[in-house]
Amino acid sequence: MALRFGTDVSTAQTDYGTVLLDQRSGQYWELNPTGTLVVRTLLEGGEEQDAVDAVVTEFAVDRAQASEDVAALIEQLREAGLVAR
């Protein structure tokens, strides 16, 4: 499931992760380095499992926890209306 943000969503890289801005509502979200890695993997065409693999490789976390965290982040992005369908 490659990820694509809606046209009204802007992203900016920071020293601490990524900031997402929903220009329609003015709300913004700050992703930590783990969230940034997940989003970057999906934006580059990776699947959810690729994002899990990237998190397991980059951070000291077991696969089950990484899988839960990746799924939760994707769901939060969907619920916030940031992901284009």
Legend entry - Test salt bridge (charged side-chain N to carboxylate O under 4.0 Å, His left out) applied to Asp53 - qualifying residues, sequence neighbours left out: Arg63
Which donor-acceptor pairs under 3.5 Å do the side chains of residues 28-35 make with protein atoms, sequence neighbours left out?
{"from": "Asn32", "atom 1": "OD1", "to": "Thr34", "atom 2": "N", "distance (Å)": "3.0"}
{"from": "Asn32", "atom 1": "OD1", "to": "Gly35", "atom 2": "N", "distance (Å)": "2.8"}

Inset, instruction - Search all heavy atoms of Val83 against all heavy atoms of Arg78 and return the closest pair with its distance. - result: CG2-N, 4.0 Å
Inset, instruction - Measure the shortest side-chain to side-chain distance between Leu42 and Ile74 over non-hydrogen atoms and say whether it is less than 4.5 angstrom. - result: yes
Legend entry - Check: Thr36 side chain, Thr18 main-chain N or O, donor-acceptor pair, under 3.5 Å: yes
Legend entry - Glu58: side chain to side chain contact (heavy atoms under 4.5 Å, CB included) partners, not counting sequence neighbours: Leu37
Legend entry - Same cluster (ILVMFWY, side-chain, under 4.5 Å), Leu73 and Val19: no
Inset, instruction - Could you grab the distance from atom OG1 of Thr41 to atom CG of Leu3, nearest 0.5 Å is fine? - result: 10.5 Å
Inset, instruction - For Val52 and Ser67, work out which heavy atoms get closest and say how close. - result: CG2-CA, 3.7 Å
Legend entry - Partners passing salt bridge (charged side-chain N to carboxylate O under 4.0 Å, His left out) against Arg24 (at least two apart in sequence or in another chain): Asp8, Asp22
Inset, instruction - Indicate yes or no: at least one non-hydrogen side-chain atom of Val9 is less than 4.5 angstrom from one of Gln23. - result: no
Inset, instruction - Quick one: list whatever passes side chain to side chain contact (heavy atoms under 4.5 Å, CB included) with Asp62, sequence neighbours left out. - result: Ala64, Gln65
Legend entry - Residues that Asp69 engages under salt bridge (charged side-chain N to carboxylate O under 4.0 Å, His left out), provided they are two or more places apart: none
Inset, instruction - Tell me whether Leu21 is reachable from Val39 by hopping between hydrophobic residues (I, L, V, M, F, W, Y) whose side-chain heavy atoms are closer than 4.5 Å. - result: no
Inset, instruction - Please round to the nearest 0.5 Å and tell me the distance separating atom OG of Ser10 and atom CG of Leu82. - result: 11.0 Å
Legend entry - Least distance between heavy atoms, Val55 atom then Val38 atom: CG2-CG2, 3.6 Å
Legend entry - Atom OH of Tyr16: over 12 foreign heavy atoms under 6.0 Å: no
